[in-house]
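Lettering of chains follows the sequences in order, A, B, ..., and the numbering in each one begins at 1.
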There are 2 protein chains.
Amino acid sequence: MADVARLAGVSSQTVSRVSNGYAGVNEETRQQVLEAMRELGYRPNSAARALKRGEFRTIGVITFGLSTTGNVRTLEAIATSAAHEGYAVTLLPVAVPTQDEVRGAFSRLGELAVDAVIVILEVHLLDAVTLSLPPHIKVVVADSDAGDRYTVVDTDQAGGSRDAVRYLLGLGHETVWHLAGPEESFAAQRRADAWRAELTGAGRATPPLVRGDWSAESGYRAGLELAGQPDCTAVFAANDQMALGLLRALHERGRYVPDDVSVIGFDDIPEAGSFLPPLTTVHQDFAEVGRRCVEGVLRQMGQDTPEHGTTLVPTRLVVRDSAGAPRSR
Amino acid sequence: MADVARLAGVSSQTVSRVSNGYAGVNEETRQQVLEAMRELGYRPNSAARALKRGEFRTIGVITFGLSTTGNVRTLEAIATSAAHEGYAVTLLPVAVPTQDEVRGAFSRLGELAVDAVIVILEVHLLDAVTLSLPPHIKVVVADSDAGDRYTVVDTDQAGGSRDAVRYLLGLGHETVWHLAGPEESFAAQRRADAWRAELTGAGRATPPLVRGDWSAESGYRAGLELAGQPDCTAVFAANDQMALGLLRALHERGRYVPDDVSVIGFDDIPEAGSFLPPLTTVHQDFAEVGRRCVEGVLRQMGQDTPEHGTTLVPTRLVVRDSAGAPRSR
DNA sequence: CCATCAGATGTTTACGTAAACATAACAGGC
DNA sequence: GCCTGTTATGTTTACGTAAACATCTGATGG
């Protein structure tokens, strides 16, 4: 900066003013400074800036792996929104979703150049971890039920599940089975709860819940099991990957979809329309979740007090070919 | 820091020494300092550190979208490796893969707190962009052919493609069709080149190349076309998503896989084993690519001169059920 | 018993920036 | 012609840290 100032024949403060687009600079001076910057290839040093301003213009994102579509899409939207607002995004991968790992990530975060954190961790691990965060760092959590302590942005899991079950019942199915996600997952829990509630509300029997782990492979195993249940005519899978495995198992066992068994997924991953048959599924607007996370974080940075409360992003049932009326008995 | 020093009854320099694990500090003093740190909740300020040290311990990752599995898995491995080495990862999403956008990302990068960059951009857009990078920033490129100018880490696209084609020919197919990725993609280009070379080398006819855009939907459209070619008995798809769409199209048109048509994909995404039928595909070791990217970046940071040259990560053909011998004529 | 040296700790300074304050030049009103 | 206000610019300072250098203590060896 000093070099630029010297070359342009001004003080370093004037360079700073130009560099920050400050108003009260003579147009002629400004051009000289810009020219000098160009000539010297000047780049403001972000460390010094951050030090001086006391903020990094960076948002940290804590996430467990990038294996699930939802996390990735949300992350992508976060990165885009953040970039749009002039914020950078720093990634904090948590290797294994254990209490210790999460705590570790949070404490690494403490020394990290970050003004705020968005946590995309659907598992029940946030509880004991709160304390280790420096107090000035703002937090938004996606996919959690910690709405009483944090700002939470979530998909309307319950609404989406309700729509799926209602749609299947509307097609004439006696009841709907559920292929759930892993126990540790908040999202899985809420989808299962809503499924159960909707069935109960409609006065239908609740079949035993089948557990998967989000993977297509687990869906396949569950599918082999379900294929053996002759009274199973409709399945609501908690995500599209498991639905994919389910489709394969049913196909292998000669149970045709949708003629013998109807299947509905959750997420609407880009490939869902290319499954065999194309999957009817609940569309999640991950991009919107990401945007609102960034929004929430920035809003909190404008004020001193942290917020809490939950924002729900609505879902939409995308009807394709994997669900139909049950074969008439 | 000054507060900690006061509380511990030492100078701030001693606090710094403790904080950085410096050797020559009396054990007793050290404990007092640590105690004071704990009591005051002291966190070293990373901006000040970066300013003083002249390095940020941060790696920037430029990537176009997070839509392709490969990019995401690579990114994940990068983040993990980097964290392991005490480096943070900052994400620089490029919204649209145009020259301007890429240039923009690179110039934003100039002001970003980053010591090195890993570019995961498979498209032909790097060429004109070189200049805008501050000279001290180290670069590693994944999935590119810029090996003469940068350190490049790539999957052995050619080897994988060759194996796929060779395997299909070995099963007795007369020739192999190719469902290629988009023209702008380096990876797509290399896979297509290797496919053509292998066919030519084996003295087989080269069917017209069919173009997709990596998406399952484009694979479906291509599949409808290929289903109309009676002499098409084997297809090598440039990625698994397109293979998925292809499978659906073939199925809809009554061309059975693998009896009528054999299909091989590329990537080995986690779901590939759950396709109908389970997909034979070329496994890419994205994790290894990510690791080597970080390794390359760190290595260059240890020295002054940038490197160039290409490292290839080997692939592996994963045989499942989508490819078989052609129906005897 | 003093010179020498090693280990432990303190003091000064600089990293690059921008806020706060200071100064200078000039226009306009009375 | 002097005061006031405005605009443009310069000077000083502090952000939190760690390198470089300075100092102090006590031990060792001749």
Side-chain angles (χ1 to χ4, degrees), chain A residues 1-37 39-58 86 88 109-115 134-137, chain B residues 1-37 40-58 86 88 108-115 134-137:
Chain A
M1 192 154 111
D3 295 342
V4 174
R6 206 170 306 121
L7 180 59
V10 299
S11 76
S12 67
Q13 182 55 39
T14 299
V15 176
S16 169
R17 284 193 260 258
V18 171
S19 154
N20 289 304
Y22 218 74
V25 179
N26 194 334
E27 185 53 28
E28 195 180 341
T29 315
R30 161 191 221 71
Q31 286 308 328
Q32 278 171 22
V33 172
L34 287 175
E35 175 54 31
M37 284 180 168
E39 186 162 338
L40 296 175
Y42 167 78
R43 309 272 185 180
N45 177 313
S46 54
R49 262 194 178 165
L51 175 58
K52 188 70 180 111
R53 297 208 268 228
E55 60 165 37
F56 304 97
R57 300 195 71 80
T58 296
L109 192 90
E111 328 193 345
L112 219 56
V114 152
D115 304 310
H136 60 277
I137 288 192
Chain B
M1 192 155 111
D3 296 342
V4 173
R6 206 170 305 124
L7 179 59
V10 299
S11 77
S12 66
Q13 183 55 39
T14 299
V15 176
S16 169
R17 284 192 260 259
V18 171
S19 153
N20 289 304
Y22 217 75
V25 178
N26 195 334
E27 186 53 30
E28 196 179 339
T29 316
R30 158 188 224 74
Q31 286 307 328
Q32 279 170 21
V33 172
L34 287 176
E35 175 55 32
M37 283 180 171
L40 296 176
Y42 167 78
R43 308 271 184 180
N45 176 313
S46 54
R49 263 195 177 166
L51 176 60
K52 189 72 181 108
R53 295 207 271 225
E55 60 164 39
F56 304 98
R57 300 196 73 80
T58 297
R108 255 175 291 146
L109 191 90
E111 330 193 343
L112 218 59
V114 152
D115 304 311
H136 60 277
I137 289 193

**Q** Over how many whole Å does the gap from B:E55 atom CD to D:dA19 atom C1' extend?
**A**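 It is 14 Å, rounded to the nearest whole Å.
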**Q** Between A:Q13 (CD) and C:dA18 (C1'), how many Å, whole number?
**A**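 To the nearest whole Å, that distance equals 6 Å.
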**Q** Identify the two heavy atoms, one from B:S16 and one from B:M1, that lie closest to each other, and give their separation to 0.1 Å.
**A** CB-CE, 4.0 Å
**Q** Which heavy atom in A:L51 sits nearest to a heavy atom in B:A48, and how many Å separate them?
**A** CD1-CB, 3.7 Å
**Q** Could you tell me the separation between the CZ atom of A:R49 and the C1' atom of C:dT17, rounded to a whole number of Å?
**A**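 After rounding, the gap between these two atoms is 8 Å.
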**Q** Roughly how many Å is it from CD in B:E28 to C1' in C:dA8, rounded to a whole number?
**A**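 Taking CD of B:E28 and C1' of C:dA8, I get 12 Å after rounding.
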**Q** Distance check needed: C:dC15 C1' versus B:K52 NZ, whole Å only.
**A** 6 Å
**Q** Please tell me if B:T29 has a side-chain N or O lying less than 4.0 Å from either OP1 or OP2 of C:dT9.
**A** yes
**Q** A:G9 or B:M1: which one's nearest nucleotide on DNA chain D is closer to the 5' end?
**A** A:G9
**Q** Can you give me the closest heavy-atom contact between B:S19 and B:R49, atom names plus distance?
**A** OG-NH2, 2.8 Å
**Q** Using whole Å, what does the distance between atom C1' of nucleotide C:dT9 and atom CZ of B:R30 come to?
**A** 14 Å
**Q** May I ask you to evaluate whether B:N45 reaches the phosphate of D:dC15, defined as a side-chain N or O under 4.0 Å from OP1 or OP2?
**A**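 Looking at the OP1 and OP2 atoms of D:dC15, neither is under 4.0 Å from any side-chain N or O of B:N45.
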**Q** Between D:dA18, C:dA8, C:dA18, which one does the side chain of A:R53 approach most closely?
**A** C:dA18
**Q** Identify the heavy atoms of A:R17 and A:V25 that sit nearest to each other, and give their distance.
**A**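 Distance-wise, the nearest heavy atoms are CB-CG2, 3.9 Å.
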**Q** Please check the phosphate of D:dG10 (OP1 and OP2 only) for any side-chain N or O of A:T14 closer than 4.0 Å.
**A** yes
**Q** Starting from the 5' end of DNA chain C, give me the residue, B:V25 or B:L51, whose nearest nucleotide shows up first.
**A** B:V25
**Q** Between D:dG10 and A:R17, counting only base atoms on the nucleotide and side-chain atoms on the residue, is there a donor-acceptor pair under 3.5 Å?
**A** yes
**Q** Would you indicate, yes or no, if D:dT7 has its OP1 or OP2 atom less than 4.0 angstrom from a side-chain nitrogen or oxygen of A:Y22?
**A**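 No, because none of the side-chain N or O atoms of A:Y22 sits under 4.0 Å from OP1 or OP2 of D:dT7.
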**Q** Expressed in angstrom and rounded to an integer, what is the separation of A:N20 atom CG from C:dA20 atom P?
**A** 14 Å
**Q** Taking any heavy-atom pair under 4.0 Å as a contact, classify B:V15: base, sugar-phosphate, or nothing.
**A**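 The residue B:V15 makes no contact with any strand.
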**Q** For B:E27, look at atom CD and say whether over 12 heavy atoms of other residues, nucleotides or ligands are found less than 6.0 Å away.
**A**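 Count over threshold, so yes.
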**Q** Starting from P on C:dC15, measure out to CZ on B:F56 and report it in whole angstrom.
**A**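 Going from B:F56 (CZ) to C:dC15 (P), I get 15 Å.
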